[in-house]
Amino acid sequence: YLILCFWGFFSDLPIVKDTYFSVSKKQSTTLSAQNQKIIFDDVLVNRANAYDKSTGVFTCPRRGDYKFSFTILKTTSAKSHIFLMVNNNIQLVTYTPGRHIHETHNGDIILSLQKGDKVYLQGQEKGMGIHGVRYSMFSGMSL
């Protein structure tokens, strides 16, 4: 009986099994600084509320494996780099040579993360234009 009562107590606690988010940019923007975080302010879905649209940071709610994907459409014709960062460490780099105004950065990665790890995108070049209106997206999910 004690075990059943104990189990009943924990069965009422909320458990976040799935964590996922999908966000985009509402407006086109230009990076005003080198190594600037890219903030996606249009939240399409944010299960577990782990993505903060005011900072552009996903905070890992629990330890596990996660997949992240992004597409960034540039609006400037200059070379550019986008970094996928975890706790200020580069995990993935994409590059465009700047031959055309509308070049895209695309990235996919699977990472093993710890609770509290911070994941975000960062643009290296000051002045890089990023197209909004859902041309630029960022998403992540627990596996």
Side-chain angles (χ1 to χ4, degrees), residues 3-4 6-143:
I3 294 172
L4 290 176
F6 190 67
W7 174 257
F9 172 77
F10 283 106
S11 67
D12 292 335
L13 295 176
I15 297 174
V16 177
K17 294 182 180 178
D18 296 321
T19 301
Y20 49 88
F21 71 94
S22 184
V23 294
S24 69
K25 292 194 69 56
K26 286 183 184 176
Q27 303 290 327
S28 297
T29 58
T30 300
L31 299 182
S32 60
Q34 187 174 7
N35 296 320
Q36 181 178 333
K37 282 184 185 143
I38 300 171
I39 297 174
F40 297 84
D41 54 353
D42 188 14
V43 177
L44 305 173
V45 64
N46 192 10
R47 174 87 158 121
N49 293 314
Y51 179 82
D52 184 341
K53 74 176 185 175
S54 66
T55 64
V57 175
F58 169 82
T59 302
C60 188
R62 63 182 169 89
R63 182 177 59 88
D65 296 333
Y66 292 79
K67 179 180 181 185
F68 296 92
S69 302
F70 64 90
T71 297
I72 304 283
L73 178 61
K74 291 182 0 178
T75 62
T76 51
S77 61
K79 73 175 183 170
S80 61
H81 298 79
I82 300 290
F83 304 138
L84 186 134
M85 308 289 289
V86 176
N87 301 328
N88 301 318
N89 297 306
I90 297 171
Q91 301 298 310
L92 174 66
V93 178
T94 61
Y95 169 79
T96 62
R99 292 188 189 112
H100 307 284
I101 292 174
H102 293 109
E103 295 175 325
T104 57
H105 288 270
N106 296 294
D108 289 294
I109 191 169
I110 295 173
L111 298 168
S112 290
L113 299 175
Q114 300 300 314
K115 181 178 180 179
D117 281 348
K118 309 281 188 200
V119 181
Y120 56 93
L121 295 179
Q122 179 175 293
Q124 183 182 29
E125 288 80 17
K126 177 182 178 179
M128 183 179 102
I130 298 174
H131 205 309
V133 198
R134 299 215 174 143
Y135 282 101
S136 298
M137 309 281 293
F138 181 35
S139 62
M141 69 177 85
S142 58
L143 300 176

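When a residue number appears, it is its place in the shown sequence, counting from 1.
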*Quick one: sort the Y95 and H81 rings into parallel, tilted or perpendicular, breaks at 30° and 60°.*
tilted
*Do the ring planes of F138 and F70 sit parallel (below 30°), tilted (30 to 60°) or perpendicular (above 60°)?*
perpendicular
*Between Q122 and Q36, does a side-chain contact (heavy atoms from CB on, under 4.5 Å) hold up when you go through it step by step?*
CA-CA 5 Å; Q122 179 175 293; Q36 181 178 333; 5.8 Å; no
So which atom in [X] and which in [Y] form the shortest heavy-atom distance, rounded to 0.1 Å?
X: I39; Y: S54; value: CD1-O, 3.6 Å
X: S80; Y: T96; value: OG-OG1, 2.7 Å
X: D18; Y: A48; value: O-CB, 4.4 Å
X: S28; Y: G132; value: OG-N, 3.0 Å
X: N106; Y: T71; value: OD1-OG1, 2.9 Å

Taking [X] for its side chain and [Y] for its backbone only, find out whether a donor-acceptor pair lies under 3.5 Å.
X: K53; Y: D42; answer: no
X: D65; Y: I110; answer: no
X: E103; Y: G98; answer: yes
X: S69; Y: S139; answer: no
X: S24; Y: M137; answer: no
X: S142; Y: Y66; answer: no

Could you check if a side-chain atom of [X] sits within less than 4.5 angstrom of a side-chain atom of [Y], using non-hydrogen atoms only?
X: V86; Y: F58; result: no
X: I72; Y: F40; result: yes
X: L31; Y: E125; result: no
X: F21; Y: F68; result: yes
X: I82; Y: M128; result: yes
X: L44; Y: R134; result: yes
X: K118; Y: N87; result: yes

Could you measure the distance from the [atom1] atom of [X] to the [atom2] atom of [Y]? Nearest 0.5 Å is fine.
X: N89; Y: L84; atom1: CG; atom2: CG; result: 11.5 Å
X: I101; Y: L73; atom1: CD1; atom2: CG; result: 10.5 Å
X: N35; Y: K126; atom1: CG; atom2: NZ; result: 12.5 Å
X: T59; Y: D117; atom1: OG1; atom2: CG; result: 9.5 Å
X: L111; Y: Q91; atom1: CG; atom2: CD; result: 5.5 Å
X: F83; Y: H105; atom1: CZ; atom2: NE2; result: 10.0 Å

*Taking Y120 as the fixed residue, which of T55, N88, D52 is the one that meets the side chain to side chain donor-acceptor pair (under 3.5 Å) rule?*
N88
